[in-house]
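Atoms within a ligand are numbered from 1 in the order they appear, just like the ligands themselves. Quick caveat: nothing in here was measured; it's all calculated off a predicted structure.
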Amino acid sequence: MLRVAGVGFGYPGRQVLDGVELSVRAGELVALVGLNGCGKSTLLRLCAGLLRPTSGQVLLGGDDLARLSRRAAARRVALLHQSAPAVPGMTVRQLVRQGRYAARGPLGMLRDGDDAVCARALADVGVAGWADRPVDALSGGERQRVRLAMALAQDTRVLLLDEPTTYLDLRHQLEVMRTVVRLREERGLTVLMVLHDLGHAARFADRIVALRDGRVAADGPPGRVVTPGLLAGVFGVAGRVGLDPEGGWPVCYPDHPLPFETVVERDLQNENHIH
Ligand SMILES: Nc1ncnc2c1ncn2[C@@H]1O[C@H](COP(=O)(O)OP(=O)(O)OP(=O)(O)O)[C@@H](O)[C@H]1O
């Protein structure tokens with residue numbers, strides 16, 4: 001469904017990604033992890049067609065994203081960005097309606113059914129009664145859920161989520177993760193999500209992809225990828241990994257940061273379970 005083929009990208013004066021290979025199959029939920037600044041958000045923006053790769057291709061259902069207009073891409077893939085400022089005075093309904101822009105008619109008019117899609121998106125994240133609330137009067141966590149509704153209102157088969165649990169309390173983190181899992185199951189969505197919480201990634205994702213030094217350092221099911229080698233080699237942290245006694249997914253017990261030299265010299269290629 002989504003294929004990142006040998007993608008390279010840099011901002012002026014800073015190369016960020018180099019030969020990234022990654023595939024997400026239809027209906028799969030993949031977590032993208034890695035240190036701050038390693039290029040996760042950049043990769044999501046490339047997958048949404050908001051940035052163009054300097055080398056390689058992003059393919060969506062076999063089509064090169066670079067050949068699609070912004071609007072055509074937005075009908076097929078939705079991106080929940082990291083926090084964006086709210087427009088003063090805008091209501092939740094108005095914000096979520098913005099998710100429908102790609103589906104609008106030639107004059108930018110909402111079409112029949114758009115309001116129903118927006119209402120469903122609000123209900124999906126459990127905030128059906130919030131339509132008339134001003135966005136700038138919401139807390140950070142409330143705003144995050146509304147922005148997830150805006151992405152869902154695009155009604156695409158592919159959903160890219162950049163740290164969707166940021167700002168959320170423990171309960172709402174779980175609710176958002178469970179909502180994503182449910183939508184994937186009910187609607188067959190294909191999901192690529194950046195997560196800082198390795199616990200969520202290990203529990204909810206089918207596959208974890210770890211970025212390091214602009215490349216994919218590990219890619220596989222949580223039980224194979226989440227190892228002390230991943231903690232050390234990708235996150236620069238010494239720690240243990242156990243298994244949840246009931247669910248069977250990996251659970252990390254990070255202990256202390258490692259000296260930087262240990263991390264950069266680590267050869268992930270030769271460590272078990274990491275390629
Ligand atoms: N618009 C930009 N112009 C120049 N450099 C940028 C820009 N956006 C990001 N960068 C740089 O590119 C690198 C990758 O940024 P990116 O936001 O993709 O990282 P990330 O892995 O998502 O980080 P985080 O976990 O902190 O959100 C960083 O070094 C960042 O400073």
Q. Which atoms of ligand 1 sit under 4.0 Å from any heavy atom of Thr42?
A. 14 (C), 15 (O), 16 (P), 18 (O)

Q.
Tell me the protein heavy atom at minimum distance from atom 6 (C) of ligand 1, and give that distance in Å.
A. Tyr11 CD1, 3.2 Å

Q) For ligand 1, which atoms sit closer than 4.0 Å to a heavy atom of His196? A) 25 (O)

Q) Numbering the atoms of ligand 1 from 1, which are under 4.0 Å from a heavy atom of Val16? A) 12 (O), 13 (C), 14 (C)

(Q) Any protein heavy-atom neighbour for atom 30 (C) of ligand 1 (distance below 4.0 angstrom)? (A) no

Q) Salt-bridged, Asp255 to Arg240, with N to O below 4.0 Å? A) no

(Q) Counting non-hydrogen protein atoms only, what is the nearest one to atom 17 (O) of ligand 1? Give residue, atom name and distance. (A) Ser41 CB, 3.6 Å

**Q.** Atoms of ligand 1 close to Cys38 [distance to a heavy atom under 4.0 angstrom, numbered from 1]
**A.** 19 (O), 21 (O)

Q | side-chain contact (heavy atoms from CB on, under 4.5 Å) involving Ala66 - partner list, sequence neighbours excluded | A | Arg52, Asp64

Q) Is Arg45 in contact with ligand 1, taking contact as a heavy-atom separation below 4.0 Å? A) no

Q. Between the side chains of Gln94 and Arg97, is a donor N or O closer than 3.5 angstrom to an acceptor N or O?
A. no

Q.
Polar contacts were defined as any N/O atom of the residue lying under 3.5 Å from an N/O atom of the ligand; does this apply to Gly37 and ligand 1?
A. yes

Q: For the pair Asp206 (side chain) and Val30 (backbone), establish whether a donor and an acceptor sit closer than 3.5 Å, ignoring hydrogens and angles.
A: no

Q.
Please tell me whether Leu59 and Val158 are part of a single hydrophobic cluster in this structure, the criterion being side-chain heavy atoms less than 4.5 Å apart.
A. no

Q. Any non-hydrogen protein atom below 4.0 Å of atom 26 (O) of ligand 1?
A. yes

Would you list the atom pairs, donor with acceptor, under 3.5 Å between side chains in residues 19-26 and any protein atom, with sequence neighbours excluded?
unit_1: Glu21; atom_1: OE2; unit_2: Gly6; atom_2: N; d: 3.1
unit_1: Arg25; atom_1: NH2; unit_2: Glu28; atom_2: OE2; d: 3.1

Q: Go through ligand 1 atom by atom and flag the ones less than 4.0 Å from a non-hydrogen atom of Leu35.
A: 21 (O)

Q) Counting only heavy atoms not in Arg187, do more than 12 sit closer than 6.0 Å to its CZ atom? A) yes

**Q.** Residue from Arg76, Arg75, Arg120 passing salt bridge (charged side-chain N to carboxylate O under 4.0 Å, His left out) with Asp155
**A.** Arg120

